[in-house]
Amino acid sequence: MKQLEAVNDFVIKFANINGSGSASANLMFAKSIFRMGVPVSPRNIFPSNIQGLPTWYEVRVNEKGYLGARGGVDFMVAMNSESMAADIASIEPGGYLLYDSTRELPRHMRRDDITLFGVPLTEMCNREYNDPRQRQLFKNIIYVGALAALLDIDTAVINDVINEQFKGKEKLVIPNIHALDMGRDYALEHFNCPIGLTVKRSDQVGDKIFIDGNSAAALGCVYGGATFASWYPITPSSSLAEAFGSYCEKYRIEPETDKKRYAMLQAEDELAAIGMVIGAGWNGSRAFTATSGPGISLMSEFLGLAYFAEIPSVIFDVQRTGPSTGMPTRTQQSDILACAYASHGDTKHLLLIPNDPFECFELSAQAFDLADHFQTPVIVITDLDIGMNDHITKPFEWDDSRRYNRGKIMTQEDLDAGRDFGRYLDVDGDGVCYRTYPGTHPERGSFFTRGTSRDPYARYTEDGKIYAENMRRLDLKFETAARALPAPVTQIAPEETDLAVIYYGSTSHAMQESLDQLADQGLTLNAMRLRAFPFSPDVKNFIDQHSAIIVVEQNRDAQMRTLLINELEILPEKLMPVTYFEGSPITAKYITAEVLKRLSPNKVTPLRGAQK
Amino acid sequence: MKQLEAVNDFVIKFANINGSGSASANLMFAKSIFRMGVPVSPRNIFPSNIQGLPTWYEVRVNEKGYLGARGGVDFMVAMNSESMAADIASIEPGGYLLYDSTRELPRHMRRDDITLFGVPLTEMCNREYNDPRQRQLFKNIIYVGALAALLDIDTAVINDVINEQFKGKEKLVIPNIHALDMGRDYALEHFNCPIGLTVKRSDQVGDKIFIDGNSAAALGCVYGGATFASWYPITPSSSLAEAFGSYCEKYRIEPETDKKRYAMLQAEDELAAIGMVIGAGWNGSRAFTATSGPGISLMSEFLGLAYFAEIPSVIFDVQRTGPSTGMPTRTQQSDILACAYASHGDTKHLLLIPNDPFECFELSAQAFDLADHFQTPVIVITDLDIGMNDHITKPFEWDDSRRYNRGKIMTQEDLDAGRDFGRYLDVDGDGVCYRTYPGTHPERGSFFTRGTSRDPYARYTEDGKIYAENMRRLDLKFETAARALPAPVTQIAPEETDLAVIYYGSTSHAMQESLDQLADQGLTLNAMRLRAFPFSPDVKNFIDQHSAIIVVEQNRDAQMRTLLINELEILPEKLMPVTYFEGSPITAKYITAEVLKRLSPNKVTPLRGAQK
Amino acid sequence: MTYVIKPRAYHPNLPKNELGLTRRDYEGAVSTLCAGCGHDSISAGIIQACFELNLPAHRIAKLSGIGCSSKTPTYFLGKSHGFNSVHGRMPSVLTGANMANRDLVYIGVSGDGDSASIGLGQFAHIMRRGVNMTYIVENNGVYGLTKGQFSATADTGSKSKKGVENFDASIDLAAMAIQLGASFVARSFSGDKEQLVPLLKAAIKHQGAAFIDILSPCVTFNNHKGSTKSYDYIREHNATVVKADFIPHKEEITTRYDAGSVQEVTLHDGSYIRLKKLDDNFDTSNRAAALQYIQEHQEKGEIVTGLLHLNPESTDLHQNLSTCDKPLNELHEEELCPGEEVLALINKSMR
Amino acid sequence: MTYVIKPRAYHPNLPKNELGLTRRDYEGAVSTLCAGCGHDSISAGIIQACFELNLPAHRIAKLSGIGCSSKTPTYFLGKSHGFNSVHGRMPSVLTGANMANRDLVYIGVSGDGDSASIGLGQFAHIMRRGVNMTYIVENNGVYGLTKGQFSATADTGSKSKKGVENFDASIDLAAMAIQLGASFVARSFSGDKEQLVPLLKAAIKHQGAAFIDILSPCVTFNNHKGSTKSYDYIREHNATVVKADFIPHKEEITTRYDAGSVQEVTLHDGSYIRLKKLDDNFDTSNRAAALQYIQEHQEKGEIVTGLLHLNPESTDLHQNLSTCDKPLNELHEEELCPGEEVLALINKSMR
Ligand SMILES: Cc1ncc(C[n+]2csc(CCOP(=O)(O)OP(=O)(O)O)c2C)c(N)n1
Ligand SMILES: Cc1ncc(C[n+]2csc(CCOP(=O)(O)OP(=O)(O)O)c2C)c(N)n1
Ligand code: SF4
Ligand code: SF4
Ligand SMILES: [Mg+2]
Ligand SMILES: [Mg+2]
């Protein structure tokens, strides 16, 4: 048997039971590799329940910095007897297995094309500990110790990580390090360490940070000046709201009084959550809510109100696998259409689409400026993969000279100066009107906000011409917005090509890797990553400049492709969909294979009959 | 001044105050013309309030049977002093005005290019009646009498209509006829009767009937076997639900017991209304709800559940002007996208699109067969214009040999015979699976319905491949449905042409008229009326056979065009939008003008730069 | 409606309040409701209350849902910002607005369809959160704007104009508000200005969730035999238990009221209301007793009006959340953004 | 989960009910809830109740919303059709199902998040409509499935695992159900099978809207100091007022219970329940008194359990609507379609 061999390039997967305390041990493992300067991308695959079911933690280690899911498992840490058979079957030939050898590995699970490391974890823990809690918890630390030896991870680094993790609870450090040592010692004693897969210190991480997208977005809201958040718990968005609360408790306390410079409410449902955001936005506060697919559906009526009455509001949609409750702990990019056109009647919404925690921070902060400027809902679309997994990402940036753009506000001074105020009067010809904050002026500037039609001075009307004029202005406002939203990111290949790929969001990492793979196979593609809707004129130009374009996305119905065709009036044939919608993150391998089915590597003709 | 002259071809408009009792008098007027065999199309233009505001009743009389709104007013009956100035200003030159001359017509309202008929209505009523109620109500009857003389309407016919209207309250007949006579006598005495505009008996009505779309749809539900309806009041759909209740009280009473063979609930909101329908559909009852735009938004989450869990359900969306509360008493076709793709995740829904009361009846009844067969929501889309106005339409048809198609049901016998039952097992390869009604069999056939992913045997699963397989099957089901839905109606012009128009729903009447107008101007167009989504293969063929196609619709964003481009992969340039969205029904005049802007009458080239 | 132009006649001798404003300064556009609608009387009551309380109108925010009742904010306080939101969702919009600026006065207007049917959930949750506001339901037992269907407050056994009988249990929003923790709960009748205006004033001054269920007959769809919300029925069955008069801190007008069975309750801003109890055993601070009282009278077919419950120790949502005194919508970059340096530290902690 | 395979051991001596079925025949899939979760005890109670009532499982429909509690229908009555709908909307789905087939038994399972937050409106309206069903809330004061946020039934003043304090007023669903007109309202505790099973049986047999609020501690997120829904807190503060035992009509087992302060209430199907009142003044037919009792005990920090309200004259929605006896989903063309001839007449009337 040929054992797999690689330095800083493998996938290790931990099969655990949820609620068994493995999560923090596994994170420790991943973080240690990150600290050794080696790019690492862990992904949690968990069931929609709380305790007792199989859960996996997949860690990709990759020197080149490919952070997308790779697929396949080189090393399996099989700690769950229920899923063990399937787990073992999934290991690549030549791969490795670490298991609890207290109980013998059932015959039918054995494979002779993989290398087994049996560590009697239960036995070791039972011998060492009396408390059942400790017996359970330290098992996880012991296997991390064993892995350190097997994969040649620097023990000092792990110790550091442990020290940090238990900051404030120092007396827990020693027992944890002890457990770690037990594992390492056992491995060193019984196995040939290190094995073919190893981790080697590198400089590929630089000043990058390690954080999940939801925390990053929450921090963006703090920096962006959000003062009000309402939310209703829903996986995978809950941690965004909760992180906002935590950051605010640190950074938003009035020093003199200890009082809060923000308010946060857990609403009774998503309809209330968005209603509160709209109320706060109307009243001049920067406000947001975070939700996932079902919440977007429930918010549709209110989103139409905010569009039509022009109320700034920010909504995070951390997407999960739909439709309906779908697979609530799996990822997907399938709310694109639901968000872009949410609500009955002629409606459209601004979308921002970050691709990693760095952009979650950036675009969240920017979302509030855009919502205020364009006086309309801004939906920031991420997904479970970005939101709930830790990612290596550029450090966050902020410039203290940056000012919030509160949009066109008519102040008391303006009104006193006699400026004509019509809430829906397009004085600048860009479709964007002035508003007043309620309470501004004793005599002038008050207006009535409603979801029914009204004239430029906010007076109720059922005059069809005035109604239509206003609808056209709203359209114009969107044209204005298309030029102000974050531009797409274009990547032009060194060799000339008239083929290209368009992608967005969490597909980015897999896409980068796939582009390299395709280039290796002789297929050069230009690439554009979308970051916002309505689309910048650049997008249309890019499409016009190529003869055939692949649109890669993680949903069944090629929803972004629909938006592109519809909004930019593109010949549908020109945009070939590559879709993946199994709920796990898309891989470079999948993209590469699908692209090659549609485009031949000789760079000449798109293959016909490419199926959707 | 040249007075307008026409026989059976004019528009008369009644300007009233709502709550003043004018509606039944106006209807009497329209119905009398209908009874004389002359096609007539009345339209109610009413405010979103209950009493005291301007309301109009516009009656188009047209021998040729053009039933769409025409635009313009030839004869104004101005009964509302508040809107009087604007009403008078809107009369075509050469037109006529009937007003209450008890008070003199203000000087600034006078026009010398129209003919005035002052009838001292208030004075006459005050003289004749003491009861203030009567004084108010008979005013309306008196002006109908005056119109009868002016327009040469057969008094016997009006008398018949009055007799029918007061069936059961016979003692009201005489005073009404008396009032009518008062009006007629006054006119005969004071004016030159008849005037240039007259009604003449004709045979253009034949066996047609006169009914509103909501009543027709409700009757379709009765014939289609609906046993459960839940609804939440909303204009313009309320009368559909209410009519269903009335018909059921007549036709759905168990003779032996006087008990009801249906159940109807006014739900607490639209979420509950659709939830009830889904519960009833799951349990084997044919069920529907009726709503308008805001209700569709609120129902989105549940629609996704019904799509994914595959529950038959029928929803009527009687569209009004959006977005948000918009213009709630005006018409539009702007919920197309919201309905087709309602809900987060990858979802699609079957749509049926009737164009008049006849089809409201037909397609409503059929909707239940389709919902049962395809086990999915079917949304029947109409609008305020079809739903709330009386239309002349073909008599309803039913064949007693027709059986309900309850779809693929696994019965107790099937299960006893040992047939394998997997709720989501595609045994026939058409994407449509078998279901059991709850309670069917003591041992076999029960299953668990959910909005989360499951395997073909309805067992919960988080396996991405199984999930994806199921999503593909749902797609296949839609392909199957595309071939089973009501086919589009194609109209091939006598002269050959490669230009065409596509339209749907309430645009039909105006479109027919416009096609004639365009033909007169030398522009021959083929035409296709869509009646369902997903689109039949005929639609794609039709588009392929033409070089340029105009898509006419009553919304801003050309929503049906979006569906066509996206679902059929059409070159966008080929489909040129003509949109109208002012809330009043689209007119032939508008369509003709817009089509001519896009297509030159020499039938060769579509004009470029046609704006959307 | 664009058609209605408001006549603004000039009356030099109109009485003025402390701000030098007349009652007319608190009016709004001309109503488009049906002549005689109870809702218009409530608008007049709100105008009167705000005038008497010397409130600057522009510091009031008026919010509503959808319905005839929800249209009324257009017809009062023309200088206030108004928000006619979507059906049944005024409470959430008001909550958010209140969070953004704690310094305005919030008046929420709703109907029984708006609050007891589609909006019941939001109604309940705004009460339990203790949002500082005056929440008014203009309760007519029907859906006025959609032409007379039953609402959830229609009494069991009542018949609609079409003769349909209502079998569902009726929802008593005032009882519900008490149960849900609202700290000020009253009921009144649109035609009884003497009771209504003082209750409105007290509610507006109350710091916390104040709710008033105002029976407001729909002349068009519900003033008929069989309806238990019609003028006639209410006049007959009205069991006024408590008369309330609000006395502003500065000018106590105790003389206008008889002594005797009088109860003073101090409000949070230092002002207090005086209660004249008609029922000797009635104690507005006891939720359990109030609930029982309402329920028992309801079973007798009587409608209890007056101040039903007042929690003198109420707090409001801002207090509970301990938000800062400065309105959130007035905070600036310096107060909101932790800045570059902090971000550098955060980045560091993420390595 | 696809991973869990249910062990179906064979026990030849298991007791059988009148249908010849064992308790196992009423079981469902193996639970995937946390070990020790109160919800599992409730599932066991439902299994026991249906077994004892000799109900054919396939004639039961079990419906739920979303949450740990709402998952449980998978874990009982494997031969029944089940419907795990969307969050907070079980009541409407159950109502529709019930309308379609009046002959099945309907059990609705929900959580406190599902019913008191997002679903409060539907909860209230299904109660006031009198839908014939047993509506169970498995009440743990938290959102279990989304990891322990407060629900609206969390008591004011309780602290979450993260130490956040809850200021909002707590919603008492049982009190609300009484106020909303439910004709059978009880409260119990998941760990108290002796009280729970008889209540479940009585509720299932009740013709009308039966509601049981079952306190069901979440072992994972709420069994900690500060929570008032934890096992410890409830054991301490539980003030059992009424013990209920359901006695099916055929075999009355009065001997198992002491005589004394016993109250018999006849149910609609002829069976009745016997109440052993611990509190002498307690009368289950008096809504007002029940509300006051609950409220007063709540103010003392006590949780009242037992049968709180029973309206012996309850009707159900089908009766109110006077739907025919044959289930609507069994009606055929001939019964539903008025046919050609009638249509010809209708056409005629439209000319
Ligand atoms: C989501 C939605 N559903 C339905 C409607 C239609 N609608 C408008 S007002 C109203 C009922 C209003 O009743 P109520 O709140 O009692 O007010 P009232 O007119 O009686 O004062 C309804 C159902 C709507 N606007 N929005
Ligand atoms: C529309 C919607 N919003 C949010 C969620 C997320 N969610 C799932 S379960 C749940 C709360 C469940 O709480 P509860 O009903 O008390 O059940 P428990 O888990 O405590 O038994 C929430 C908010 C969802 N599934 N759907
Ligand atoms: S319909 Fe009723 S509630 Fe509406 S305005 Fe008229 S009287 Fe008032
Ligand atoms: S999280 Fe709580 S409610 Fe959910 S299964 Fe675990 S113990 Fe039960
Ligand atoms: Mg009302
Ligand atoms: Mg719970």
Side-chain angles (χ1 to χ4, degrees), chain A residues 47-48 292-294 296-298 300-301 303-305 307-309 317 319 321-330 332 334-335 337-339 341-348 450-453 462 464-465 467-468 471-472 475 555-557 559 562 565-566 569-573 581-584, chain B residues 47-48 292-294 296-298 300-301 303-305 307-309 317 319 321-330 332 334-335 337-339 341-348 450-453 462 464-465 467-468 471-472 475 555-557 559 562 565-566 569-573 581-584:
Chain A
S48 173
S292 190
I296 293 293
S297 285
L298 288 171
S300 334
E301 190 197 14
L303 287 170
L305 172 73
Y307 168 78
F308 193 54
D317 178 12
Q319 298 166 105
T321 303
S324 196
T325 311
M327 294 199 292
T329 58
R330 299 287 186 269
Q332 216 170 51
S334 59
D335 297 342
L337 278 178
C339 289
Y341 297 143
S343 213
H344 61 282
D346 289 305
T347 48
K348 296 179 181 192
R450 42 167 75 84
T452 40
S453 57
E462 291 175 0
K465 300 240 174 292
Y467 159 85
M471 288 299 286
R472 277 185 214 103
D475 228 14
N555 60 56
R556 182 192 65 182
D557 293 342
Q559 298 187 18
T562 295
I565 292 169
N566 184 46
E569 305 264 314
I570 308 293
L571 170 63
E573 287 179 328
F581 52 100
E582 292 184 13
S584 44
Chain B
S48 175
S292 191
I296 293 293
S297 285
L298 288 171
S300 327
E301 189 197 14
L303 286 172
L305 172 73
Y307 169 79
F308 194 53
D317 177 12
Q319 298 166 102
T321 303
S324 196
T325 311
M327 294 197 291
T329 58
R330 298 288 186 266
Q332 215 171 50
S334 59
D335 297 344
L337 278 178
C339 288
Y341 298 143
S343 213
H344 62 280
D346 290 305
T347 48
K348 296 179 182 192
R450 42 167 77 81
T452 41
S453 58
E462 290 175 359
K465 299 241 174 291
Y467 159 84
M471 288 299 286
R472 275 184 217 104
D475 229 11
N555 60 57
R556 184 192 65 183
D557 293 342
Q559 298 188 16
T562 296
I565 292 169
N566 184 46
E569 307 262 316
I570 309 292
L571 171 62
E573 288 178 327
F581 51 100
E582 291 184 14
S584 44

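In what follows, chains carry the letters A, B, and so on, assigned in the order in which the sequence lines appear, proteins first and then strands, with residues in each chain numbered from 1.
Using a 4.5 Å cut-off between heavy atoms, A/T347 contacts chain B through both its backbone and its side chain. Neither the backbone nor the side chain of B/L303 comes within less than 4.5 Å of any heavy atom of chain A. Within the 4.5 angstrom heavy-atom criterion, atoms from both the backbone and the side chain of B/D475 approach chain A. If you measure heavy-atom distances from A/F581 to chain B, the contacts under 4.5 Å come from both the backbone and the side chain.
The backbone N or O of A/D346 lies less than 3.5 Å from no partner atom in the side chain of B/D557, so there is not a single donor-acceptor pair. Looking only at distances, a side-chain donor or acceptor of A/R556 sits under 3.5 Å from a matching main-chain atom of B/M471.
Applying the side chain to side chain donor-acceptor pair (under 3.5 Å) rule to A/S343 yields the partners B/S297; only residues at least two apart in sequence or on another chain are considered. For B/Q332, the side chain to side chain donor-acceptor pair (under 3.5 Å) partners two or more places apart in sequence, or in a different chain, are A/Y467, B/S334.
The greatest number of non-hydrogen atom pairs below 4.5 Å with chain A, out of B/A468, B/G583, B/G304, B/S584, is found for B/A468. When each of B/R450, B/K465, B/Q319 is scored by its heavy-atom pairs under 4.5 Å with chain A, the top score falls to B/K465. Ranked by heavy-atom pairs shorter than 4.5 Å toward chain A, the options B/A338, B/G322, B/G451 are led by B/G451. The choice from B/T321, B/D317, B/I296 that makes the most heavy-atom pairs within less than 4.5 Å of chain A is B/T321.
Interatomic distance, B/E569 CD to A/I565 CD1, rounded to the nearest 0.5 Å: 5.5 Å. Note: B/N566 CG to A/L337 CG = 7.0 Å, rounded to the nearest 0.5 Å. Residue B/T325 holds its OG1 atom at 6.5 Å from NE2 of A/H344, rounded to the nearest 0.5 Å.
Shortest non-hydrogen contact noted between B/F308 and A/G326 is CE2-CA, 4.2 Å. Scanning all heavy atoms of the two residues, the minimum distance from B/S453 to A/M327 falls at OG-CG, 3.1 Å.
Side-chain contact between A/S300 and B/E301: absent, with no pair of heavy atoms (C-beta onward) separated by less than 4.5 Å.
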